[in-house]
Amino acid sequence: TAEGTVMVSDIMPGSETSFPQYLVFHNDAVYFSAQAGIEGAELWKTDGTETGTAMVKDIYPGDWNSSSPYNLTSVGTTLFFVASDEIHLQGLGIWKTDGTSEGTVIVNSADSQIGAIDYPWLDNRYLKDVNGTLYFKAYTADLGHELWKSDGTAEGTVLVKDINVGSASSSVEQLTELNDVLYFVANNGISGDELWKTDGTEEGTVLVKDILPGSSSGYPWDVTTANNLLFFTATSEGGDLYLWRTDGTATGTFTIESNDPNGSTKNPWSLIEDGEQIFFTSSPDMTEHLWKTDGTLCGTTLLTGEYTNGMVFADLIFLNDKVLLSAEIPGSEHGNELYAYHGIPPTRCQTISFDPLVTKTYGDGDFMLTASASSGLPVQFSSSDPSIVSIEENVVTILKAGSTTITASQPGDANFNAASEVSQLLIIHKANLTATVDAQTMFYGDPMPPLTVSYSGFKMLDNGNAIDIHP
């Protein structure tokens, strides 16, 4: 309301402006950069009241000198940021603060002076908190621009790995955390700009996948997370830009495809997430389209109608089960306005959970298969070799020893797409058969009686006639 919108503090009194920016919530206060007269642009904090709004420290003293703090990043009880002082100009220092002037100090490496942060004013992806450790891109003359980490102490501020060995730079970009692992884009001088990950150790810092093989670059960008996956755009072979997803493994890194004949996910941009899925736009030709995906083929859905009726998008944001978008509808009289996409369709995907199979032996009794579909629809079963077992609904009858693949499937209905099949190998061991030589009595001089054998252990309707070779 108008009555509820008030100035917190006139930091730069009068008609001049204080330019408050880079606002970050940390330890029950909001920290930001602001300019208050001759002190220049410095670090401030506020509790939302005029009396609780104050400069934290004049980092770069002197009339009109500014430390210009930016990239404010909360890591546990410590706030890290990039700033200048009389020694480290042009944003060359990483600082930390506990909210007091005395506790606002520069963080230096114990073995070398950390240098510049490349263009850190772009966004806060150059400083990233991962499970209480600060990761950042920094420069030294010997190593170039590489990935570093810090616990806030000089001894704990160290190089993670010299990815592009020597003074060459790996050009670390797009620092993003997923499940306590840091993902980023880097160039090792061999594979081009590709997706990497690290657990904070040198040996655990590895290339996820060489998306564009060889020295060419896939240029992963717009990195975001949803549904325990990492999503990003990248250039594929042929030069086209597509949406990719990864679970952190090379095999789990691939492009997002679509079954929709009316749309294409080519040339994606403006990725936003709501936790379980992401929304994005694509422009495969001169029109644009809104999509959602959970990282699966089934869960990738075109939202803006038929392919030829694409909207022209400017920006997206997710709010209360709807997507707000700045867009223009072709042929509309309104031009570019704010729209809301309501009625986001629920997922039509379903998955199958198939309980593990236990090895059986020929002669064992019938047993049941147990599987369920997330949709609640009934699961069907089939055997790759019907001569090994027969299946009636979910009841299995063993016919002979051997192995066969049991497949659980759910074909879908009007509300759900078919589930991905789940298969397991069922092994039927041979049963043990006991052969016993019949006891015989003979007297001296009698001819040798014929040898006879008795068998035990036959299963079902089997008998001695099934034996090809006798003792």
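Note that the structure is a prediction, hence the values are computed from the model and not measured.
Val379 has its side chain out of reach of Ser409: every pair of non-hydrogen atoms, C-beta onward, lies at least 4.5 Å apart. Residues Met12 and Gln35 have side chains in contact (heavy-atom distance under 4.5 Å, counting atoms from C-beta outward). In this structure, Tyr242 and Ile256 have side chains that are not in contact, with every pair of non-hydrogen atoms separated by 4.5 Å or more. By the 4.5 Å heavy-atom criterion applied to side chains, Thr246 and Leu195 are counted as neighbours. Val422 is not listed as a side-chain neighbour of Thr407, based on a closest heavy-atom distance of 4.5 Å or more. Inter-residue side-chain proximity for Leu72 and Phe25 is flagged as unmet; no heavy-atom pair is nearer than 4.5 Å. Counting heavy atoms from C-beta on, the side chains of Phe81 and Ile59 come closer than 4.5 Å. Side-chain contact between Leu143 and Leu159 is present, with heavy atoms from C-beta onward closer than 4.5 Å.
Here the options are Thr157, Val172, Val82, Val160, the test is side chain to side chain contact (heavy atoms under 4.5 Å, CB included), and the partner is Phe136; only Thr157 passes. For the side chain to side chain contact (heavy atoms under 4.5 Å, CB included) criterion with Leu182, the lone passing option out of Leu147, Thr133, Thr176 is Leu147. For the side chain to side chain contact (heavy atoms under 4.5 Å, CB included) with Leu357, the lone residue among Ile406, Leu425, Thr370 that qualifies is Ile406.
Between the side chain of Lys209 and the backbone N or O of Thr253 there is at least one donor-acceptor pair closer than 3.5 Å. In this structure, the side chain of Gln174 engages the main chain of Asp222 through a donor-acceptor pair within 3.5 Å. Side-chain atoms of Thr224 never come within 3.5 Å of backbone atoms of Leu271 as a donor-acceptor pair (strictly under, hydrogens ignored). Checked by atom type and distance alone, the side chain of Asp151 pairs as donor or acceptor with a backbone atom of Thr153 at under 3.5 Å. Glu146 places a side-chain N or O within donor-acceptor distance of the main-chain N or O of Ile163, the cut-off being under 3.5 Å. When atom types are taken as modelled, the side chain of Asn187 and the backbone of Ser171 share no donor-acceptor pair closer than 3.5 angstrom. A side-chain donor-acceptor contact under 3.5 Å links Arg245 to the backbone of Gly252.
Lys137 and Glu173 are joined by a salt bridge, as a carboxylate oxygen and a charged side-chain nitrogen come within less than 4.0 angstrom of each other.
With hydrogens and angles left out, the side-chain atoms of Asn164 and Ser170 include no donor and acceptor closer than 3.5 Å. Using modelled atom types and a 3.5 Å distance limit, the side chains of Thr293 and Thr300 yield a donor-acceptor pair. A donor-acceptor contact closer than 3.5 angstrom links the side chains of Ser326 and Asn336. A side-chain N or O of Glu42 and one of Ser67 form a donor-acceptor pair less than 3.5 Å apart. A donor atom on one side chain and an acceptor atom on the other are not found under 3.5 Å apart for Gln410 and Gln380. When only modelled atom types and interatomic distance are considered, Ser84 and Ser68 share no side-chain donor-acceptor pair under 3.5 Å.
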*Can you check side chain to side chain contact (heavy atoms under 4.5 Å, CB included) on Thr104 and Trp95, steps first, answer last?*
CA-CA 7 Å; Thr104 303; Trp95 290 67; 4.3 Å; yes
*Just do the side chain to side chain contact (heavy atoms under 4.5 Å, CB included) check on Thr205 and Phe184 with the steps written out, would you?*
CA-CA 10 Å; Thr205 303; Phe184 57 97; 3.9 Å; yes
*Evaluate side chain to side chain contact (heavy atoms under 4.5 Å, CB included) for Thr281 paired with Trp291, printing each intermediate quantity in order.*
CA-CA 6 Å; Thr281 64; Trp291 294 80; over 6 Å; no
*Run the side chain to side chain contact (heavy atoms under 4.5 Å, CB included) check on Trp148 and Thr140 step by step: do they pass?*
CA-CA 11 Å; Trp148 290 66; Thr140 64; 3.7 Å; yes
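Heavy-atom contacts from other residues, nucleotides or ligands closer than 6.0 Å to CD1 of Ile427 number more than 12. More than 12 heavy atoms of other residues, nucleotides or ligands shown are found within 6.0 angstrom of CZ on Phe254.
For Tyr219 and Phe232, the distance between ring centers is not under 6.0 angstrom.
Ring planes of Phe354 and Phe381: tilted class, angle from 30 to 60°. A perpendicular orientation is assigned to the rings of His26 and Tyr31, their planes being inclined by more than 60° (bins at 30° and 60°).
Taking Asp199 as the reference, Thr201 meet the side chain to side chain donor-acceptor pair (under 3.5 Å) condition, with sequence neighbours excluded. Here Phe279 pairs with Phe318 under the ring pair (Phe, Tyr, Trp, His ring centres under 6.0 Å) rule; sequence neighbours left out.
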